[in-house]
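The next block holds one structure in the form of structure tokens; read it before the comments.
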Amino acid sequence: MSIKVLFVCLGNICRSPTAEGVFRHQVEAAGLSQRIQIDSAGTGDWHIGKAPDPRTIDEAAKRDYDLAPLRARQVSAADFAEFDYVIAMDNENLKNLKAMQPADYQGHLGLFLAFAPEENQEEVPDPYYGGPEGFTLVLNMVEEASQGLLHHIKENHLS
Ligand code: 4NP
């Protein structure tokens with residue numbers, strides 16, 4: 001049986017696709033692709049079916065992550081039946097996810113940066129309306145939190 005991880009942001013075109021691509025890369029590098037499945041989604045519906053934001057694709061490509069094939073989708077209550085980890089980028093995402101979370105959900109719903117305590121921040125900030133430095137910041141935070149999440153899953157489920 002594999003562990004299933006869903007990353008969630010608002011639009012599913014900036015932060016959560018970055019997390020999907022980076023975490024998948026780390027999982028593959030660790031030889032755990034058969035044990036950990038990864039997806040991403042947005043709480044909003046504006047970008048359904050769209051590729052990630054070009055700024056997100058370009059920033060990730062600088063570090064050899066290929067996000068271009070990803071397509072946005074909206075999160076739904078049914079996702080809680082499938083995913084062991086539902087990981088929110090910010091507190092607004094988390095609030096919206098808590099509102100749709102079934103009462104009997106046994107998995108982990110929480111903030112991504114809880115897995116990067118050295119960041120001393122709770123949220124991966126929305127880069128959509130900001131400048132290019134916001135996209136670099138997102139990628140840095142996502143790389144760090146992905147390492148923490150992978151370590152956590154290995155310790156708690158795969159050891
Ligand atoms: P994301 O960024 O939640 O990281 O994908 C955003 C993308 C689009 C919008 C907001 C945030 N938007 O308002 O369309």
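Owing to the predicted nature of the structure, the values given are computational and were not obtained by experimental measurement. In this chain, numbering begins with 1 at the start of the sequence shown.
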**Request:** Return the minimal non-hydrogen interatomic distance between Q101 and Y105, and the atom names on each side.
**Result:** NE2-CD2, 3.4 Å
Show the atom names and distances, to 0.1 Å, of all donor-acceptor pairs under 3.5 Å that link a side chain in residues 152-159 to residues at least two apart or in another chain.
| from | atom 1 | to | atom 2 | distance (Å) |
| --- | --- | --- | --- | --- |
| H152 | ND1 | N156 | ND2 | 3.3 |
| H152 | NE2 | Y85 | OH | 3.0 |
| N156 | ND2 | H152 | O | 2.7 |
| H157 | NE2 | Y85 | OH | 2.6 |
| S159 | OG | E155 | O | 3.0 |

**Asked** Which pair of non-hydrogen atoms, one from F83 and one from V86, has the smallest distance, and what is that distance?
**Response** CB-CG2, 4.1 Å
**Prompt:** What about M89 and F80, same hydrophobic cluster or not, with Ile/Leu/Val/Met/Phe/Trp/Tyr joined at side-chain heavy-atom distances under 4.5 Å?
**Reply:** no
**Request:** Say whether V75 and F7 are linked into one hydrophobic cluster, either directly or through other cluster members, by side-chain heavy-atom distances under 4.5 angstrom.
**Result:** no
**Message:** Any side-chain to backbone donor/acceptor pair from D84 onto K4? Under 3.5 Å, distance only.
**Reply:** yes
For a quick test of your reading: what N or O donor-acceptor pairs under 3.5 Å do the side chains of residues 25-35 make, sequence neighbours left out?
| from | atom 1 | to | atom 2 | distance (Å) |
| --- | --- | --- | --- | --- |
| Q26 | OE1 | Q147 | N | 3.1 |
| Q26 | NE2 | E143 | O | 3.2 |

**Item:** Co-membership, hydrophobic cluster, residues L94 and M100, 4.5 Å side-chain
**Value:** yes
**Asked** When rounded to the nearest 0.5 angstrom, what distance separates OH in Y65 from CZ in F23?
**Response** 12.0 Å
**Item:** Hydrophobic cluster membership, L6 vs I36, 4.5 Å side-chain cutoff
**Value:** no
**Complete:** Between L70 and R24, the two heavy atoms sitting closest are CD2-NH1, 4.2 Å
**Message:** List the residues meeting ring-ring contact (aromatic ring centres under 6.0 Å, His included) with F135, not counting sequence neighbours, and say none if there are none.
**Reply:** none
Scan the side chains in residues 110-125 for donor-acceptor partners under 3.5 Å anywhere in the protein, sequence neighbours excluded, and list what turns up.
| from | atom 1 | to | atom 2 | distance (Å) |
| --- | --- | --- | --- | --- |
| E122 | OE1 | N91 | ND2 | 2.9 |
| E123 | OE2 | N91 | N | 2.7 |
| E123 | OE2 | N91 | ND2 | 3.3 |

**Path from V8 to M141 over hydrophobic side-chain contacts below 4.5 Å** = no
**Prompt:** So, for P52 and T56, which heavy atoms are closest and what is the spacing to 0.1 Å?
**Reply:** CB-CG2, 4.4 Å
**Request:** Give the other cluster members for Y129, using side-chain heavy-atom distances under 4.5 Å between Ile, Leu, Val, Met, Phe, Trp and Tyr residues; answer none if it is isolated.
**Result:** I13, Y128
**Asked** Among all residues two or more places apart in sequence or in another chain, which pass the side-chain hydrogen bond (donor to acceptor under 3.5 Å, both in side chains) test with S16?
**Response** N12
**Item:** With S146 via side-chain hydrogen bond (donor to acceptor under 3.5 Å, both in side chains) - residues at least two apart
**Value:** none
**Complete:** All heavy atoms of E20 vs all of S40, minimum pair found to be OE1-OG, 2.7 Å
**Prompt:** Just how far is it from atom SG of C9 to atom CD1 of I87, taken to the nearest 0.5 Å?
**Reply:** 13.0 Å
**Fill in**
Sorted by chain and residue number, the side-chain hydrogen bond (donor to acceptor under 3.5 Å, both in side chains) partners of D90 (sequence neighbours excluded) come out as R15, N93
**Message:** Checking A81 now: which residues fulfil side-chain contact (heavy atoms from CB on, under 4.5 Å) with it, not counting sequence neighbours?
**Reply:** none
**Listed once per pair and sorted, the salt bridge (Lys or Arg N to Asp or Glu O under 4.0 Å) pairs that draw on residues 92-108, sequence neighbours left out** = none
**Request:** Not counting sequence neighbours, list each pair that qualifies as a side chain to side chain donor-acceptor pair (under 3.5 Å) and has a residue in residues 42-53.
**Result:** D53-R55
**salt bridge (Lys or Arg N to Asp or Glu O under 4.0 Å) contacts touching residues 68-80 (sequence neighbours left out)** = D39-R73, R73-D79
